[in-house]
Amino acid sequence: MSEHGGAVDEPQRVPRSRLADYIEMGEASGSREPMTSSRERQERDTQQDDQPPASEPVREPTLDDPEVAARRREFAALLGEFRRTSVLVPLGDGPGPDEERGLLTADLGGIRFILAFSDEQALARYAVARGEAAREWRYQTVLGARLLDVAVPAAGVPCGVALDCADGEEGMVFPPVRGIVPDEAALDFDIDADRDAGDTL
């Protein structure tokens with residue numbers, strides 16, 4: 001008798017761990033993957049988390065975009081207010097009588113801008129910015145609509161109006177485009193295309 005209770009001639013069974021059974025099952029199926037430690041899995045997950053998310057395509061704003069529509073309405077209101085308001089326009093720096101000096105302008109990016117100011121305080125800030133606060137500034141009072149409808153086309157070159165240009169974001173620019181200045185003075189107006197469209201009516 002053996003202490004295990006079996007016959008002496010029978011082979012003794014060695015206790016097996018269930019982990020060994022799992023290993024044999026994997027080897028039998030031939031699909032066992034290499035085991036990775038918890039540290040390796042953590043490093044792999046960290047590398048995946050560090051990768052930047054896929055960037056979403058940038059959506060180009062359209063005329064139907066609510067934000068674009070709101071800005072267009074806001075600008076239209078400002079344009080209407082400017083057209084109804086009298087502004088101060090300094091005379092040019094040239095010599096001669098006032099009627100021959102013309103209006104003060106500045107060229108930027110190939111476009112000429114007539115400089116206009118809401119009041120004498122805004123004009124004074126411009127004079128200080130130019131370092132010419134001590135000189136006498138002569139100006140005319142002109143209706144905004146007259147500047148856009150008459151003075152801009154008379155310039156003979158691409159021309160707009162800059163309001164309170166020394167006040168940063170508080171200032172306003174009215175470029176020479178359709179809807180702001182007359183069509184014949186607008187940079188985005190194609191007279192040939194407009195004539196062709198009229199012929200098809």
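Throughout, residue positions are numbered sequentially from 1 according to the sequence presented.
- In the hydrophobic clustering of ILVMFWY residues, with side-chain heavy atoms under 4.5 Å counting as a link, Y126 and V128 come out apart.
- By the 6.0 Å contact criterion, CD on E120 is open, its count of non-hydrogen atoms from other residues, nucleotides or ligands being 12 or less.
- Annotation: side chain of V152 is not in contact with side chain of I180 (no heavy-atom distance under 4.5 Å).
- Here the side chains of P153 and V181 are not in contact, with every heavy-atom distance at 4.5 Å or above.
- Salt-bridge annotation for R83 and D149: present, with a side-chain N of the basic residue lying under 4.0 Å from a carboxylate O of the acidic one.
- Annotation: the span from I114 atom CD1 to L163 atom CG amounts to 12.0 Å, rounded to 0.5 Å.
- A heavy-atom distance below 4.5 Å is found between the side chains of W137 and L104.
- The structure places CG of L91 at 7.0 Å from CZ of R138, a figure rounded to the nearest 0.5 Å.
- Within the 4.5 Å cutoff, the side chain of T85 has no heavy atoms near those of the L143 side chain.
- You'll find the side chain of V89 stays beyond 4.5 Å of the side chain of Y139, heavy atoms only.
- To the nearest 0.5 Å, the span separating CD on Q121 from CG on L88 amounts to 9.5 Å.
- Contact detail for L123 and P90: the closest heavy-atom pair is CD1-CG, 3.6 Å.
- Taking the side chain as every heavy atom from C-beta outward, L187 and I111 approach each other to under 4.5 Å.
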| task | Output, in order, the C-alpha distance, side-chain angles, deciding distance and verdict of side chain to side chain contact (heavy atoms under 4.5 Å, CB included) for V87 and V161. | result | CA-CA 11 Å; V87 294; V161 176; over 6 Å; no
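- In plain terms, the two heavy atoms of P176 and P158 that are nearest each other are CG-C, 4.5 Å.
- Between atom OG of residue S118 and atom CZ of residue R125 there is a gap of 8.0 Å, rounded to the nearest 0.5 Å.
- Placement of L115 and V142 in two distinct hydrophobic clusters is found when ILVMFWY residues are connected by side-chain heavy-atom separations under 4.5 Å, directly or transitively.
- A 6.0 Å sphere centred on CZ of R146 holds no more than 12 heavy atoms belonging to other residues, nucleotides or ligands.
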Show your working on side chain to side chain contact (heavy atoms under 4.5 Å, CB included) between D164 and E170 and close with a plain yes or no.
CA-CA 7 Å; D164 297 338; E170 298 298 323; over 6 Å; no
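- V157 and L108 fall into different hydrophobic clusters, where Ile, Leu, Val, Met, Phe, Trp and Tyr are joined by side-chain heavy atoms under 4.5 Å apart, directly or via other members.
- Side-chain contact between L103 and L147 is present, with at least one heavy-atom pair separated by less than 4.5 Å.
- Put simply, CZ on F174 and CZ on F75 are 5.5 Å apart, with the number rounded to the nearest 0.5 Å.
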